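For ligands, and for the atoms within them, numbers begin at 1 and follow the listed sequence. What you see is a predicted model; the values in this text were computed from it and never measured. Hydrogens, waters and symmetry mates are skipped; everything else that's a heavy atom, side chains included, is used.
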Amino acid sequence: MKILVLPGDGIGPEITDATLNVLDRANTKFKLGLEWQMAEIGLAALKKRGSTLPDDVMNGAREAPGIILGPVDHLQYPAREQGGINPSGEFRVKLDLFANIRPAKSRMGVGLTGKPVDLVIFRECTEGFYADRNMFMGRGEFMPTEDVAIAVRKVTARQCNRIARVAFDWARKRRKRVTAVHKANVLHISDGLFLREVRSVAKDYPDVELDEKIVDAMAALLVRDPSKFDCIVTGNMFGDILSDEASEISGSLGLAGSVMAGDDACCAQAQHGSAPDIQGQDKANPTSLILSAGMLLEWLAERHKRQEFREAAQAIDSAIDAALQSPETRTRDLGGKLGTRAFGKHIAERV
Ligand code: NAD
């Protein structure tokens, strides 16, 4: 099975190298039969080939059984007409990777608020307020005059229903509790539609409890006691913000794994950005991308009924847990001594 690997911008190549070091070990130990198909995207591809996501790479992504995507510095990308395509948004829409699944788990004991965190955020990621992907043609953002800007938010019953189903399926295997996060007190129609679909899906899961929270209260409740939450389902913008909050509360944004998945494809992606401020200094924490790659292995295990993929994912997860217990084997952002490369090597040895 050939996995497409796209290191991306900034710290992307460094954390991807560390991740492949771990995956190589898992590949050998669990006889996964994986191969890596490397391709260039981002600012390097723009310079050489005129696009941050060349057509052949996009076509490769359509064929790939799984993708590992490093962070991209899309704030620096030019307009689409000048070759600036955000690979993340493009994959979500064109490959129908509608479910962004972002666990937050305190791995160094308790989280930053002194309470343990173990929750998963399910974020619909193909519509909502994301102007670069919520229209068939054009962008969902425009300026009728130079002092007026308007953004359009798109919510469809189909996507709300699909993301709710993913959350309820996961909840069944976890603590059987889903919290739907919305702003239906203000966005009566659009978040009303979201809640209608979540409640309708909930009827098919009588064994799972559904609870509803308004997003601003949810931001506070997560700080007050994150242990009250298990599976959180929400739209694109709320999910983006709450997942960074949840992973930071769990210990650090650098610890948060993330995949974007559809019915037929899955892409592992670090939750953080390309961190240009520490690029090339062997300082980046590769945990987020390593855990994301582990989540991709779990997804492949389910999709292809391959138990050895699940065992490899569990071994990676345990190796990260064990390494983070001791400050000696943490990266510098967590007060440890290890650089990106040494941490990747250490995790590979523990797998
Ligand atoms: P960022 O997440 O890149 O960095 C925020 C801070 O966290 C920085 O100080 C950085 O050094 C630190 N940091 C991030 N990841 C780290 C890691 N693995 N180890 C240690 N420290 C880490 O956010 P930003 O600076 O706002 O964004 C930079 C670029 O990344 C922008 O172009 C933004 O659009 C893009 N971005 C991409 C993604 C993605 O590709 N999935 C996600 C978010 C932001």
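The one candidate from Asn285, Thr340, Asp282 that meets the side chain to side chain donor-acceptor pair (under 3.5 Å) condition with Thr331 is Asn285.
Looking at Phe91 and Met260, their side chains come closer than 4.5 Å, going by heavy atoms from C-beta outward.
No donor-acceptor contact under 3.5 angstrom links the side chains of Ser247 and Arg102, judged on distance only. Remark: the Gln279 side chain and the Ser274 side chain contain no N/O donor-acceptor pair separated by less than 3.5 Å. There is a side-chain donor-acceptor pair under 3.5 Å between Gln269 and Arg92.
Asn21 and Gly344 make their closest contact through ND2-C, 4.1 Å (heavy atoms, listed as atom of the first residue, atom of the second, distance). Residues Glu14 and Lys283 come closest through the heavy atom pair OE1-N, 4.4 Å. Across every non-hydrogen atom of Arg172 and Val208, the tightest pair is CG-CG2, 3.9 Å. Closest approach of Pro226 and Ile249 over heavy atoms only: CG-CG2, 4.0 Å. Residues Pro54 and Glu40 share a closest heavy-atom pair of CD-O, 4.0 Å. Considering all non-hydrogen atoms of both residues, Glu248 and Leu253 come closest at OE1-N, 3.1 Å.
Looking at atom 17 (C) of ligand 1, its nearest protein heavy atom turns out to be Asn285 N, 3.7 Å. Nearest protein heavy-atom contact of atom 39 (C) of ligand 1 is His272 O, 3.8 Å. For atom 34 (O) of ligand 1, the nearest non-hydrogen atom of the protein is His74 CE1, 3.3 Å.
Of all the atoms in ligand 1, the ones that sit under 4.0 Å from a non-hydrogen atom of Ser274 are 3 (O), 28 (C), 29 (C), 30 (O). Near Pro71, with a cut-off below 4.0 Å to any heavy atom, the atoms of ligand 1 are 40 (O). Each of the following atoms of ligand 1 lies closer than 4.0 Å to a heavy atom of Leu75: 31 (C), 32 (O), 34 (O). Within the listing of ligand 1, atoms 41 (N) sit less than 4.0 angstrom from a heavy atom of Gln269.
The heavy atom nearest to atom 21 (N) of ligand 1, considering only Ile278, Asn86, Asp9, Thr287, is found in Ile278. Here the shortest heavy-atom distance to atom 13 (N) of ligand 1, taken over Pro286, Pro276, Gly70, Ala275, belongs to Ala275. By heavy-atom distance, the residue among Ile15, Asp277, Leu69, Asp73 lying nearest atom 32 (O) of ligand 1 is Asp73.
There is no protein heavy atom less than 4.0 angstrom from atom 5 (C) of ligand 1. Under the 4.0 Å distance rule, the nearest protein heavy atom to atom 26 (O) of ligand 1 falls outside the cut-off. Counting only heavy atoms, the protein gets under 4.0 Å from atom 9 (O) of ligand 1. Distance check for atom 44 (C) of ligand 1: a protein heavy atom is found below 4.0 Å.
Of the polar atoms of Gln271, none of the N or O atoms is found under 3.5 Å from an N or O of ligand 1, judged by distance alone. When only interatomic distances are considered, the shortest N/O to N/O separation between Asp333 and ligand 1 does not fall below 3.5 Å. Polar contact check, Lys283 against ligand 1: no nitrogen or oxygen pair lies under 3.5 Å apart. In terms of polar-atom proximity, defined here as any N/O pair under 3.5 Å, Gly273 does make such a contact with ligand 1. Considering both main-chain and side-chain atoms, Ala284 never comes within under 3.5 Å of ligand 1 through any nitrogen or oxygen pair. At least one N or O atom of Val72 sits closer than 3.5 Å to an N or O atom of ligand 1.
For the ligand labelled ligand 1, residue Ser288 lies outside the 4.0 Å heavy-atom shell. No heavy atom of Thr331 sits closer than 4.0 Å to any atom of ligand 1. Ligand 1 lies within reach of Ala270, whose nearest heavy atom is under 4.0 Å from it.
Under the 6.0 Å distance and 45° angle rule, Arg123 counts as a cation-pi partner of Tyr130.
Under the 30°/60° scheme for interplanar angles, the aromatic rings of Phe168 and Tyr205 are found to be tilted.
Asp191 contributes no side-chain N or O that, together with a main-chain N or O of Asn185, makes up a donor-acceptor pair within less than 3.5 Å.
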